[in-house]
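A note on names: the letters A, B, ... follow the listed sequences, proteins ahead of strands, and every chain is numbered from 1. Only a predicted model underlies this, so the values are computations on that prediction, with no experimental measurement involved.
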Amino acid sequence: MKSQIGRSVLRKDAPDKVHGRVRYTDDLRLPGMLYAALLTSTVAHANITQIDIEAALELQGVQGVFTGKDFPLLVGLYLGDKPALARNKVRYYGEPVAAVVADDERTALEAVRLISVHYEELPLIRSPREALQQDAPLIHPDMADYVHIPAILPEPGSNVGHRTRVRKGDAAAAFAQADVTIEGQYEFPPGDHVAMEPRVAIAEIRSDGQVIIRSSTQSPYGVRAIMSRCLKIPTGKITVIAGPVGGGFGGKAGIQLEPLAYLLSRSLGGQPVRLANTREQDMVTSPGAPGLQSRVRLAARSDGAITAAEIEFLFDSGGYADYAVNVARAAGYACTGPYNIPNVSSDSLSVYTNHPFATAYRGFGHIEMSYCIERSIDLLAEKLQMDPVELRARNVIRAGHATPTNDVLDDNTGDLETCLRRAAAAIEWHKGSRRQINEHTVRAKGVSCYWKAPAIPTFTDAAATVSFNEDASVNVVTGAVEIGQGIFTGIAQLAAERLGIDTEQVHVVDEVITDRSPHDWTTAASRTLFMVGRAVLSAIDDAVAQIKRTAAAPLRCPEEDLEVRGGRVYIRDVPAHGLALEQVVLGYTYPNGNAIGGPIIGRGKYIARHLSGIDPKTGEGRPGLEWTLGAEGVEVEVDLRDGRYRVLRSACSMDVGTVINPQLARGQVVGAMAMGIGYTTREAFMFDSRERVLNQRLRDFKILRYGEHPEYIVDFVETPQRDGPYNARGLGEQGIVGMPGALASAFSRAVGVQLLRLPITPEYLWRQTHSAGGRSAG
Amino acid sequence: MISYDIVYLRPDSVAEAVAAWQQACEEGLQPAFLSGGSELLTAARENRSRPGALIDLKRIDELGAIVQTDEALCYGSSVTLTRLCQQSGFQLLSQAAGRVADRTVRNSITLGGNVCGMLPYRETLLPFLVADGSASIAGPDGTRSEPLARVFNKRLRLQSGELLVSLAAPQSAVGAASFYRRRERDGRIDYPLLTLCAVAADSTLRIAVSGVYAYPLRSLEAESALQAAGGDPDRRAAAFVEALAEGVRSDMRAAADYRRELLRQVVAEAIRELEGSV
């Protein structure tokens, strides 16, 4: 049997996905199901003075109309700041104000039109910096009363939802002694994931009180735990069912539509209620990507060694905290990017504004952080007149170096310098980073380095069970959710490798039901292959031990002499002497009919190793399980007359430990780079003067299309992650992280001005080209 | 999903369509003519438009015809953009039609819908504007043909109950040297910041633009200014832009000064490309 590792096994769900046969939660219709529709806020910050629901209630087919006063409780992922429906006040454009439940979808929508709401508008907060001003209005005046987890540190009396402080070494002293210093200020607006499937939740309550939630979620166990905590339902009375998810990108982690769907069902005798976002609601009513304002100062010696960093990240969490508080925390503890900087002073804040609220977005704080750091390193390279690749190579983090939180990297650390050299080679950096094609067209290149570790609780877990069928094929049950990443194929390969069988012989159950699938933290943070993979291997080992126990008697040998591989259990030194697994996995039957053993069920588990909280004053601690390191390089072509551009090449070199499935791995990295191009060039909300989102429709909010993609070059370095499954580490998000930095570097080189904000549009490039210092003359 | 009931009517002739409109009005239904439906359906879904009756024009044979005579090429208003870009016989029209929306949507969008619909761009009208084309319009009093110069001012000036039967372009203009450019904010599948159609005819450059203002525009004053200005193409293009009225669009896609600059550059390109033909 040849190895299952490193093979591009066709993902099992591919044919159904390609043919449109997959049934997502959005496709489900249950008998007796009622349909909910939301009325959302037309203003960004206001007191609700009156809501008139009479006309809506009178419409034939309407079962109920609900407003904030019907549900006097707060729900929150880390910080309980959010009502299920706005109460007294709306904090962002698009916030749910009322919900209608009706016999069918059209009646619910029609009833929503009949509700009228009166608002008394309040002063607006348009950016994190505005929110931090002394006299800024408070978006959450009752913050002091909110319940929150210990790792989150809200600052009542301000608009700060959380602050992560990192103090390493003595940054002030290092700045005083520096040969050179630079400072950059950066900013970009919030945006959206634009997952294919809008969020949806169907809730029902059975007569015995069992709450059943079907949801398009990355986090079935998170939904169960948070609903239990915030809605006071015993955990065992909640069952969450998660089928295949039509794209998550972080936007379906945590808690989304489930509590409101439950409250609506509860108000109507437990009947199933379907609450589904329209595309427009999915973009602004449900949370998206955070915006940022930031300031970075770097100090360096004249030889290019970076000696200190002083960093301020102000994440725009919008009207509610959701994941943004933890995004700010992750950006805080990873604040320097993958560079060895001995002295660091950093404050990373999650700040309330009157924008749509923010949640996890692919990269989880690292994409934002990386943009600011990579831009700053380019500013430093310019000031030092050093090659940007060499400056990065001079400072890359390696085993033995300490992270900003003073966590010393061990020998499992990837080889970033090799990644950087290979990414630079892929775009032929050595042939020059800027080239004039004709009078008005230039081609320019940019590079970046990145890192990301899973941003997870210290006790993040995974578990798996394996059982066997009559043909000795294997069933694997985990708590992992398929969100487009192909995780079940990767898991099947790991299990097959351990048993020495073909991946076809492994069946991974593709639906998570929380009362029968084993507990799993969340399918997020690029940790699933690592952690669930570890649990699956441990479950296989457990099953193998049981197989040996059963087989030892009929084979008349000690268990430890047995080997299980290739569908057989046999004596290691006499391989011909053995049994087919079909004869063992459901119990062994002797020729006379006596039977022993019984069905084998392997169980396996994993829990993160050696993680700790971080010190609130210094950040000291170990928040990152395994850091995935990599580098990216891009080449763009810009027409300096009007700023039109094309991205020509995009290369990524990443140290992933071991490549389990090359095609799936490449797919993840290419997808991430494509998303990174969209993030950098267009995927941003635009607001009117009253902070209402202008582009909440897909005809106005553009994502990359076929025909706009560059040539993608994906390369893997394999420095073993020895505690990972077959030495593998996470790679799902990472390919996006370096893209804004690399692209902004290339565009800056093209136009001759350091670009400090996103999105980088043709108009922005044109303005910069024709500004003082721009290369309008070519 | 559209949340309310709509009366759907499918007339077999232009006369029936006009009559259906009148009857729907009498019944207080607030009718709308339905062609490709891409705009009506999305607007109704968001309650930005709530017609009580839809009068579907797609099955009327007369509206789906492309007719060629010695004098003119005439395009029925129900001809889809996909068909226009594949076999219009009018290069400028094929170019203009081929860059609206994407292929799947162009299979639905019709010439009439693109010209008479809710969006301000109306790009397929531009070739007819520079061709000095005409419109055939049906109403309660029968069908009439009018030069676009008379019935088009920012939009086609249709009376309530009138519908566009066809647009025609004279053969002389169809065969003239032409120029087409379109500029978008990011990718190609987007509304235009600028679409420009130009032909060289009667030793002048005729230029029509969309996306620059909140309506398609052909400015004879600006064409004259271009003609009168001396110097290189850049200078003449600047004269063209100078002569245009205020009110260039500033919106989420681009600011007015960027649009004006794009226009200046593209007009200069048009001059360079068509110079030999004028």
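Note that CH2 of A/W766 and CD of B/Q265 are 8.5 Å apart. Values are rounded to the nearest 0.5 Å.
At most 12 non-hydrogen atoms from other residues, nucleotides or ligands lie less than 6.0 angstrom from CD of B/Q30. No more than 12 heavy-atom neighbours from other residues, nucleotides or ligands sit within 6.0 angstrom of CD on B/E242. Counting heavy-atom neighbours within 6.0 Å of B/Q91 CD, excluding the residue itself, gives a total of 12 or less. In this structure, B/R272 places its CZ atom where more than 12 heavy-atom neighbours from other residues, nucleotides or ligands lie under 6.0 Å away. Counting heavy atoms of neighbouring residues, nucleotides and ligands inside a 6.0 Å radius, atom OH of B/Y8 exceeds 12 of them.
When heavy atoms are compared at a cutoff of 4.5 Å, A/D700 approaches chain B by way of both its backbone and its side chain. Contact annotation for B/N47: only side-chain heavy atoms (C-beta onward) come within less than 4.5 Å of a heavy atom of chain A. Only the side chain of A/R705 comes within less than 4.5 Å of a heavy atom in chain B; its backbone stays farther off. For B/I189, the parts lying under 4.5 angstrom from a heavy atom of chain A are both the backbone and the side chain. In this structure, the portions of B/R253 lying under 4.5 Å from any heavy atom of chain A include both its backbone and its side chain. Contacts of B/A101 with chain A are absent, with no heavy-atom separation under 4.5 Å from either backbone or side chain. Looking at B/L193, there are no atoms closer than 4.5 Å to chain A (heavy atoms on both sides), in backbone or side chain. For chain B, the nearby parts of A/E105 are the backbone and the side chain; heavy atoms of each come within less than 4.5 Å.
Looking at heavy atoms from C-beta onward, B/E46 lies in side-chain contact with A/R697 at the 4.5 angstrom threshold. Taking 4.5 Å as the limit, every side-chain heavy atom of B/Y4 sits out of range of all side-chain heavy atoms of A/L109.
Counting only distance, with no hydrogens or angles, the side chain of B/Y258 and the backbone of A/D642 share a donor-acceptor pair below 3.5 Å.
Side-chain contact annotation: A/T278 with B/R45, donor-acceptor N/O pair under 3.5 Å absent.
Residue with the most contacts toward chain A among B/R183, B/R188, B/E184: B/R183 (heavy-atom pairs, distance under 4.5 Å). Note on A/L704, A/D104, A/L694: by heavy-atom pairs under 4.5 Å with chain B, the leading option is A/L694.
B/D190 pairs in a side chain to side chain contact (heavy atoms under 4.5 Å, CB included) with only one of the listed residues (A/R682, A/R699, A/K702), which is A/K702.
Salt bridge annotation for B/D257-A/R767: present, with a cationic side-chain nitrogen under 4.0 angstrom from a carboxylate oxygen. A salt bridge links B/R50 with A/E110: at least one charged nitrogen is closer than 4.0 Å to a carboxylate oxygen.
Shown here for A/P762 and B/R185, the closest heavy-atom pair between the two residues is CG-O, 2.9 Å.
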